[in-house]
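Worth saying up front: this structure is predicted, and the values here are computed from it rather than measured. Keep in mind that the numbers below use all heavy atoms, side chains included, and drop hydrogens, waters and symmetry copies. Sequence lines set the chain letters: A, B, ... in the order given, protein chains first and strands last, and positions in each chain run from 1.
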Protein chains: 2
Amino acid sequence: MEFYDCPVTATLEVIGGKWKPIILYVLMSGTKRFGALAVRIPNISRKVLTEQLRELESDGLLIRRKYKEIPPRVEYTLTPEGKSLWDVFNEMAIWGNNNRRIVKK
Amino acid sequence: MEFYDCPVTATLEVIGGKWKPIILYVLMSGTKRFGALAVRIPNISRKVLTEQLRELESDGLLIRRKYKEIPPRVEYTLTPEGKSLWDVFNEMAIWGNNNRRIVKK
DNA sequence: ATTTAGAGTTACCTTTTTGTTACCACTATT
DNA sequence: AATAGTGGTAACAAAAAGGTAACTCTAAAT
């Protein structure tokens, strides 16, 4: 872990990576169970999904709630900090849409 | 290369990575030579700087101008697309500043 | 003849990130 | 007794990203 003077680098540290944006985006629409996330994010392995969720949790962007039921139920919910990323995603989405020709194919 | 339905993922594909945000940020203040970039971005190796600049160029975010002089002179300038990332960086900077406690140390 | 300067390139290596496969725990149901 | 359902973990493999050191090219200066 390093210290970032640059708030942009800091932000990218937290939301970057191959899967975190999609995970956060899916959770923007509300609490989801582990299995529901896996279904809505095709091709992610359970291992990687678990890893990314744990990182997002320790970065304070979401909360993991485990219910003592059989079979087990685990729910993930964005914290206010997680939800506050909406504006950032929105700006990136605007840029991405305005520059579709730049997007790889 | 893959196709991204998600414009956020597409945007991160183009500006993500360890060095691209800083490179783009430095270029926001105007055209710079290779050596000037290297000085303003401490610890980046020449090889990686070259690689990242080539990628940004092929993504249409900047232009590389080479002058036939000895010793050689090469200048990098943001394209309008590159400059238009300003809003995205701005939003990330806001979030990063509002969430300093989340930033690693 | 050797050195210097700028902007690289090349070959090679290490670290980080992401993916694959198999397996576990616990209970209810068939 | 065997199987299904849920949310994982362990061990290993592959790919991507990043880093290091040495080398190139050319003209002018020492």
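What separates CD of A/Glu51 from P of C/dT16 is a distance of 14 Å, to the nearest Å. Atom pair B/Glu75:CD and C/dG8:P shows a separation of 12 Å (rounding to whole Å applied). Rounded to whole Å, atom P of C/dT16 lies 13 Å from atom CD of A/Glu55. In this structure, CG of A/Asn43 is placed 13 Å from C1' of C/dT20, rounded to the nearest angstrom.
Residue B/Arg64 places at least one side-chain N or O under 4.0 Å from the OP1 or OP2 atom of C/dG8. A sub-4.0 Å separation between OP1 or OP2 of C/dT9 and a side-chain N or O of B/Arg46 is absent. Listed pair B/Tyr76 / C/dA7 fails the phosphate criterion, with no side-chain N or O lying under 4.0 Å from OP1 or OP2. Residue A/Trp19 places no side-chain N or O under 4.0 Å from the OP1 or OP2 atom of C/dT17.
Other residues, nucleotides and ligands contribute at most 12 non-hydrogen atoms within 6.0 Å of the CZ atom of A/Arg40.
A nucleotide of DNA chain D counts as in contact with chain B when one of its atoms lies under 4.0 Å from a heavy atom; the first and last such, 5' to 3', are D/dG18 to D/dA27.
The cluster map of Ile, Leu, Val, Met, Phe, Trp and Tyr, joined by side-chain heavy atoms under 4.5 Å apart, puts A/Leu37 and A/Val39 in different clusters. By the rule that hydrophobic residues join a cluster once side-chain heavy atoms approach within less than 4.5 Å of another member, A/Ile94 and B/Val88 end up as members of separate clusters.
Each of C/dT18, C/dA7, C/dA11 was ranked by its minimum atom distance to the side chain of B/Phe34; first place goes to C/dA7.
When each of A/Pro72 and A/Lys47 is assigned the nucleotide of DNA chain D with its nearest heavy atom, A/Pro72 is the one assigned upstream, toward the 5' end. Of the two residues near DNA chain D, A/Pro71 and B/Ile44, the one whose nearest nucleotide lies more 5' is A/Pro71.
Between A/Leu53 atom CG and A/Leu62 atom CG the span is 6.0 Å, to the nearest 0.5 Å.
Between the side chain of A/Lys32 and the backbone N or O of A/Gly30 there is at least one donor-acceptor pair closer than 3.5 Å.
Within 4.0 Å of A/Tyr67, counting heavy atoms only, lies no atom of the nucleic acid at all.
Side-chain contact annotation: A/Tyr76 with A/Glu57, donor-acceptor N/O pair under 3.5 Å absent.
A/Asp87 has its side chain out of reach of B/Trp95: every pair of non-hydrogen atoms, C-beta onward, lies at least 4.5 Å apart.
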